[in-house]
Amino acid sequence: MEPCILKVALDTPLDSCFDYRWQFADGEACLPQAGQLAIVPFGRREVVGVIVAVAGHSEVPPEKLKDALAVHVQIPPLSRAWLDLCQFAADYYHRPLGEVAVPGLPKNLRTTKTTALDKALKKLHKADPASVPLRAARASKAQTVATVEDAPATSAPNALEGAPAVPLAPPLNPAQEQAVAAIAGAAGFAPFLLFGVTGSGKTEVYLQAAARILARAQPPEPPEIPHAQVLILVPEINLTPQWLANVQARFPHLSIALLHSGLAEGERLAHWLAAHHGRAQIVLGTRLAILASLPHLKMIVVDEEHDPSYKQQEGLRYSARDLAVWRAHQLAIPVVLGSATPSLESWQHVQSGRYQKLELRERAVPDAVLPRVRLIDMERDKPTDGLTSTLVKALKLRLERGEQSLLFLNRRGYAPVISCESCGWVSNCPHCSAFMVLHKLDRRLRCHHCSCEMRIPRHCPTCGNVDVQPLGRGTQRVEEGLQQMFPTARILRIDADSTRLKGSAQAAFGAVHQGEVDILVGTQMVAKGHDFQNLTLVGVLNPDTALFSQDYRAAERLFAQLMQVAGRAGRQAQKAAGSPSEVWIQTRYPQHPLYGALMAHDYERFALGQLEERGQAALPPFIYQALLRAEARELPMALEFLHASSQILEHQAITIHDPIPMAMTRVANVERGQLLIESGSRPALQAFLNAWLPLLREIKPRVKWSLEVDPVDI
DNA sequence: AGCACGCCGACT
DNA sequence: GTCGGCGTGCTC
């Protein structure tokens, strides 16, 4: 047979596909197909790419064409729908297709060696359909991540025989039932915003809707593989063990695949293959799972849809939530975005009728009430060691009652900066426009933005004075102060520093659940997901900085964070105590409307106010943005490039702002600037970017640059 | 992005 | 005399 041409997408910043000849071996009749993976020579390397098309001829001069080395025929091709998803993301975020399609594949699929793949496939195919898959047998060990052996599981026969898919379902309240019915009854594309506070039973709605959709999708004459999959996205890896336990308990007969960056490569491959082969009915993962191959996808859940973690912040800067909605639209299936504090984007979509709101007004747990949120005016009640007397009193009361408390402070380390009292020296990082943070336990100063570390100076480096003092407080210092104040209390700190070791976060949360901790001090890590049954006090130490931030999204994030941390207060404990749990917020601005809305547990009031402000100021979600970033050794060079960029193309219906230094100008000796581009019309913005970016590449800038569509940190 | 080639400075 | 700095150029 005549050789054919493979058009292959490769993981390279070059904005095109690459053509290769495919030579047929003697007697070989099978044509390679789009969606298959090919091993090809590329420069002096051999790399794996995705075949996006098979053609008869190529525009590339024949002498430049090379032969493709191999095609992965062991695994089914990636679907047209998956390729289209990647193409959409590539177009929307203005990156080459290969940079979207390839890095999402497990590493073991991207190497030229196929030993790991062959091994994983053998395991997948020999898995006995009647064997007990990962979840049921492992439910008791749910705190551990599934192993390779567990992953490529098959469905148990009872699922195929039409047994009820909801073995342990608790009864739903009417609002939940209505939500489940709406989701499961949706025909075609149906975006839902599931709006309900912590404890209102959102998880139950996801799971029962999933159960109905999975059960319904079982064909009457069961084939080998069930044709339905549900994707559940959660914001953080930390939350997957808990979710896995929930899902396993509910669906002991279904197989589950996990997809997140914490998996070992072998696990990653096994779970990815289980999803790709349609063996996994439930796929549970973090944002990267939105790019998984899911040939039988029937429903997508995005839990805590407002969470900033859904936005990838390097490489391809995609929003997993937005791609989830696009994917649901493409496949004509329901997508459920759940939150107690929806993103203003999603809330606006509800207002405009694009999303359907499903509201859970009551807490589903019997007798549970919302925690009582109150403010402490720090001007009247001056704090010592960061704690006001009101908060200390509240802590004392919990200790006496044997209840747990949580102090929330979004700042790790001992103190954010040290300073010389006599000359005013402060601990600036030599490489970043940031302070070196005091980490007293390691006796080090550490920059949180580069890898820079140093000893704590005994004397001021400029004037020699010995009075070098920590300014402000982080979690370590709060922990130290508490230990002195309450010497017998069991105090535990949970932050990125205390949980650096693998598994230590789980262990720490376990200790709190086991009642081995009286006072928990933590950063936003403690705000997500975990409900502590015996926790009746939440203290928020220093939230005010976000109120006056340059970043117009700071208030939105703060509100979500405070609602979330308030929701940590136990659901059972308050019943036992006979009074609601308490949330105390230390603030210098007790009159601020954000706190007013928070005390009233009134997200809607808050959102209405924010949307009004955003509308008046012509900010998202009412306008659309893109950000051109540039970095160089010296800021002027970056700004010069940005300025030149802003001049090279005539434009209409677009606003190009002046180039400005980034809020944190220097990181690791690189200085960064940015150029904001806005439009009231998304198509106009995209059209501009499509015309503009090729021109930027043409001018061969001497600086490193990148474009971000729908930026969140401005 | 990799990965080469290439042309100038301080080391055995 | 070589090791190696990172400029610049290419990848079907």
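Residue numbering restarts at 1 for every chain, and letters A, B, ... go by the order of the sequence lines. This one's a predicted model, so the numbers in the text were calculated from it and none came from an experiment.
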Under-3.5 Å N/O pairs linking protein and nucleotides 5-9 of chain C:
none

Rounded to whole angstroms, how far apart are [atom1] on [X] and [atom2] on [N]?
| X | N | atom1 | atom2 | answer |
| --- | --- | --- | --- | --- |
| A/Lys66 | C/dC10 | NZ | C1' | 10 Å |
| A/Arg110 | B/dA1 | CZ | C1' | 13 Å |
| A/Leu97 | C/dC12 | CG | C1' | 15 Å |
| A/Arg697 | B/dA1 | CZ | P | 12 Å |
| A/Phe42 | B/dG2 | CZ | C1' | 9 Å |
| A/Glu63 | C/dC12 | CD | P | 13 Å |
| A/Asp19 | C/dC12 | CG | P | 11 Å |
| A/Phe18 | B/dG2 | CZ | P | 13 Å |

Between A/His439 and A/His448, is any side-chain donor less than 3.5 angstrom from a side-chain acceptor?
yes
Please table the atom pairs, donor to acceptor, closer than 3.5 Å between any side-chain atom in residues 672-687 of chain A and protein atoms at least two apart or in another chain.
residue: A/Arg672; atom: NE; partner: A/Met664; partner atom: O; Å: 3.2
residue: A/Arg672; atom: NE; partner: A/Thr665; partner atom: O; Å: 3.3
residue: A/Arg672; atom: NH2; partner: A/Met664; partner atom: O; Å: 2.8
residue: A/Glu678; atom: OE1; partner: A/His657; partner atom: NE2; Å: 2.9
residue: A/Glu678; atom: OE2; partner: A/Gln625; partner atom: NE2; Å: 2.9
residue: A/Ser679; atom: OG; partner: A/Ala653; partner atom: O; Å: 2.8
residue: A/Ser679; atom: OG; partner: A/Ser681; partner atom: N; Å: 3.0
residue: A/Ser679; atom: OG; partner: A/Ser681; partner atom: O; Å: 3.1
residue: A/Ser681; atom: OG; partner: A/Ala684; partner atom: N; Å: 3.0
residue: A/Arg682; atom: NH1; partner: A/Tyr92; partner atom: OH; Å: 2.5
residue: A/Arg682; atom: NH1; partner: A/Asp710; partner atom: OD1; Å: 3.3
residue: A/Gln686; atom: OE1; partner: A/His94; partner atom: NE2; Å: 2.5
residue: A/Gln686; atom: NE2; partner: A/Tyr92; partner atom: O; Å: 3.3

Report which part of the nucleic acid [X] touches: base, sugar-phosphate, or nothing (heavy-atom distance under 4.0 Å, all strands).
| X | answer |
| --- | --- |
| A/Leu14 | base |
| A/Tyr20 | sugar-phosphate |
| A/Pro41 | sugar-phosphate |

Please name all residues satisfying side-chain hydrogen bond (donor to acceptor under 3.5 Å, both in side chains) with A/Asp15, sequence neighbours left out, ordered by chain then number.
none
Run the ring pair (Phe, Tyr, Trp, His ring centres under 6.0 Å) test against A/His306 and tell me which residues pass, sequence neighbours left out.
none
Taking the side chain as C-beta and beyond, is there a heavy-atom pair between A/Leu233 and A/Arg287 under 4.5 Å?
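No; the side chains remain at least 4.5 Å from each other.
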Evaluate the side-chain proximity of A/Trp692 to A/Leu628: yes if any heavy-atom separation is below 4.5 Å, no if none is.
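Yes, side chains in contact.
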In residues 50-63 of chain A, what donor-acceptor pairs under 3.5 Å come from side-chain atoms, sequence neighbours left out?
residue: A/Ser58; atom: OG; partner: A/Asp19; partner atom: OD2; Å: 2.5
residue: A/Ser58; atom: OG; partner: A/Val60; partner atom: N; Å: 3.0

Any residue in residues 44-60 of chain A with a heavy atom nearer than 4.0 angstrom to DNA chain B? Just list them by number, or reply none.
A/Arg44, A/Arg45
Within this structure, what is the CG-NE2 distance for the pair A/Leu323 and A/His329, rounded to the nearest 0.5 Å?
14.0 Å
Relative to the ring of A/Phe88, is the ring of A/Trp326 parallel (under 30°), tilted (30 to 60°) or perpendicular (over 60°)?
parallel
